[in-house]
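Notes for the one structure printed next.
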Amino acid sequence: MPPSPETLERPTPSKASAGGAPPRARAGHRPEIQGLRAVAVLLVAVYHIWLGRVSGGVDVFLMLTGFLITGSLLRTVERKGRVEFLAFAARLARRLFPPAAIVLAGVLAGTLLWLPQDRWQGTLAEVIASAAYYENWRLATTAVDYLAGGDGASPVQHFWSLAIQGQFYLLWPLLLAVATIVAVRVRRSPRAVFTGMLGLVFAGSLLYSVVRTATEQRWAYFDTGARLWELALGGLVALALARWDSARLPRPLRVVLGWGGLVALVACGLLLQVSTVFPGYAALWPTGAAVLIIVAGTTGSRFGADRLLSTRPLTYVGDISYALYLWHWPLFIFYLAASGRSTASLAAGSVILAASFLLAVGTTWLSDRSVGWASGRRSPRAWSFALGLACLAPVVMAAGGGTAYLDEQARRREAQAADPANYPGAAALTGAPAPPGLPFRPDLRDAKQDRSLIEGNGCLAPYKASAVRVCEYGHRGSRRTLALVGNSHAAHWFPALHKAAENAGWRLVTMVKAGCALTAGGARYPDTGQPYPECDAWSRNVMTEVRALRPDFVITIGTRTDPSGRPEELERGGVPRWRQLRAARIRVLAIRDTPRLTVPPSQCFGHLGLEACAEVRYRSLAKVSPHRGRRGIPANVRFVDLSRYVCAAGRCPMVIGNVLVVRDRGHFTETYARTLAPMVEREIRRAAGW
């Protein structure tokens, strides 16, 4: 996000004072930095709204924050000999909190007006996380969850960068305070010691970022530790320019540096898939481009990039860039939710951008008025903290109160659904009709949390794991052992299998992994299509575990459906694994995959209607299961088609027996899966001859 509205100063070198005292920086205005902020925020907004990509502009904001705050803090230390924590915190409170609180209040209102109810709970939790500056960690924990991948984007998702900036504001003064103490002990200037500390932070964080991005990119993207090097880079540039004036460079070279940096910055998001390769070494591209612009400085040439960046329109956008960044994303998300679209047209995107600009102007004006009010009090620091608390506290209280209310409503709905006669689910298709007039369960507001035990107890291996997580359920001493193996579509049968195993006295062992079917190699990520080596390694490790376990049946998914409209097909790479299991004399129960939605369930109860969604889901299944007539399937494999308990008479209803069937685009609700237990048990007994 854009750095907070601080005075833009350029540290310039000065001669050392008598007695070897460290040089004191002179302030110089840098209008081109305001223009750089404008370019960065416009890139962020344009890429979000029209291109569906990430531009690298946020990385520029983080680097600029490090550049500006490092210089400001260090100049204070060199003037007063200490870090003024309270003054620094008060200045941040009155600058950062009012705009954030205004936007978060707008998000709460927009959530009630435009977001479907199944997104209320998550949005309220993220509003609290955003106000408390830990939204990046919340997103990190959910981004690595494959089952959360289909959820609608949060209207405050972009607050992750604000959270990282807030954590930086806590860390940097502490580092400088330590540097000041060390400087006294070793008889060096705080500037020299702090430069060394920032060098270590830069190197350590960059190394960590490269390694973490290569192994767990979804986590690294939001990880403060993987982003600190960008802030440290800005600090190092500020310290370097305080010692060495870039104006000494030939003007033609500075013109080239300025334009080279600007062109590189604009091209970054077009040439790199930022969201999947950042923040490792690839993030050196936009941050390095911004450094070139800063080093080029004010060239005084009519051909310089700084001439463009210093124009009044761009500097004004730079002035409101903080609020513009905060507003553009929630307006975009609310538009998508209200219209039922997945993208914005040129006209709609232009309206979103114009509305974001007007709201940013008003928010900045209102925030500046509050800042002036706090600064004019007799105790500006105390009033600044009071202002910040008065702005954010109501937002947190409203979100917390809303969360408590939704939790209480969920408990009441759960109590109402306790009678299985009222909510037979799949049994309604076999002669147990559901009483009419009852609301379906789980409610849309509860659907996303209606997950099976296996998805929340650590037994579902995440994307980057290659080790097998073996979990046992049912009757562990039983002579009958079932092994549930595969991806999340295998895991969503767990509630039915678990209940069946409990009823029948069987032992149930699970080995499941996000986005990874039991295949013989060549696995790919389900969302990007990129090679998925961890899945291949996991599949090999599963075979070792299964051979040692020797279950009566390996239960897995035998076909693959696709929400994009691609025909249902036999699970790629599954047949070679089934042959290996035949060689080990282990039988396979291959369940036909379930139909999928092309949109979130909430849209089926809103824009599209239940009938349209039922038809879309039906089209994701082939008229005849792909295994029929397929040669080469080994004799140890028994296919089971349970789709008749999800789809009936050519339709796949969203609600069966008063129970909501799916919680997202393709996974059963735990409530519905449990109603499938008798059908699953019957099919297992039939296949096994028990």
Arg188 CZ: over 12 foreign heavy atoms closer than 6.0 Å: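 Incorrect, the count does not exceed 12.
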Within the 4.5 Å heavy-atom criterion, are [X] and [Y] side-chain neighbours or not?
X: Ile294; Y: Met63; answer: yes
X: Thr364; Y: Tyr322; answer: no
X: Tyr316; Y: Ile320; answer: yes
X: Leu104; Y: Leu108; answer: no
X: Tyr133; Y: Leu162; answer: yes
X: Leu309; Y: Leu262; answer: yes
X: Phe88; Y: Leu73; answer: yes
X: Tyr169; Y: Leu96; answer: yes

Grab the two heavy atoms, one from [X] and one from [Y], that are nearest each other, plus how far apart they are.
X: Leu270; Y: Arg53; result: O-NH2, 3.6 Å
X: Gly57; Y: Ala40; result: O-CB, 3.9 Å
X: Ser367; Y: Arg95; result: OG-O, 4.2 Å
X: Arg119; Y: Ala337; result: NH1-CB, 4.4 Å
X: Ser72; Y: Arg91; result: OG-NH2, 4.0 Å
X: Thr213; Y: Ser209; result: OG1-O, 2.6 Å

Do any side-chain atoms of residues 278-289 form donor-acceptor pairs under 3.5 angstrom with protein atoms, and if so which ones, sequence neighbours left out?
{"from": "Trp285", "atom 1": "NE1", "to": "Ala264", "atom 2": "O", "distance (Å)": "2.8"}
{"from": "Thr287", "atom 1": "OG1", "to": "Ala283", "atom 2": "O", "distance (Å)": "2.8"}
{"from": "Thr287", "atom 1": "OG1", "to": "Leu284", "atom 2": "O", "distance (Å)": "3.4"}

Residue pair Ile164, Phe61: steps toward the side chain to side chain contact (heavy atoms under 4.5 Å, CB included) verdict: CA-CA 11 Å; Ile164 288 179; Phe61 296 145; over 6 Å; no
Are the side chain of [X] and the backbone N or O of [Y] linked by a donor-acceptor pair below 3.5 Å?
X: Thr180; Y: Leu176; value: yes
X: Arg251; Y: Thr299; value: yes
X: Gln217; Y: Ser275; value: yes
X: Thr311; Y: Leu308; value: yes
X: Thr298; Y: Gly300; value: no
X: Ser310; Y: Asp306; value: yes
X: Thr363; Y: Leu359; value: yes
X: Tyr335; Y: Gly349; value: no
X: Tyr325; Y: His158; value: yes
X: Trp50; Y: Ser345; value: yes

Residues Cys268, Val274; criterion side chain to side chain contact (heavy atoms under 4.5 Å, CB included); working and verdict: CA-CA 8 Å; Cys268 176; Val274 174; 4.2 Å; yes
Derivation and outcome, side chain to side chain contact (heavy atoms under 4.5 Å, CB included), residues Leu265 and Leu36: CA-CA 10 Å; Leu265 174 59; Leu36 175 58; 3.8 Å; yes
Rounded to the nearest 0.5 Å, what's the gap from [atom1] on [X] to [atom2] on [Y]? Could you check?
X: Ile49; Y: Ile352; atom1: CD1; atom2: CD1; value: 5.5 Å
X: Thr315; Y: Arg30; atom1: OG1; atom2: CZ; value: 14.5 Å
X: Trp172; Y: Leu228; atom1: CH2; atom2: CG; value: 6.0 Å
X: Glu84; Y: Thr76; atom1: CD; atom2: OG1; value: 6.5 Å
X: Tyr525; Y: Glu534; atom1: OH; atom2: CD; value: 4.0 Å
X: Ile33; Y: Leu68; atom1: CD1; atom2: CG; value: 6.0 Å

Residues in salt bridge (charged side-chain N to carboxylate O under 4.0 Å, His left out) contact with Arg302, at least two apart in sequence or another chain: none
Arg227 to Phe222 six-membered ring, cation-pi geometry met (6.0 Å, 45°): no
Side chain to side chain contact (heavy atoms under 4.5 Å, CB included) assessment of Phe85 paired with Leu170: CA-CA 9 Å; Phe85 290 98; Leu170 290 176; over 6 Å; no
Residue that, paired with His48, satisfies ring-ring contact (aromatic ring centres under 6.0 Å, His included) out of Trp327, Trp329, Phe332: Trp329
Ring-ring centroid check Tyr221 Trp160, cutoff 6.0 Å: yes
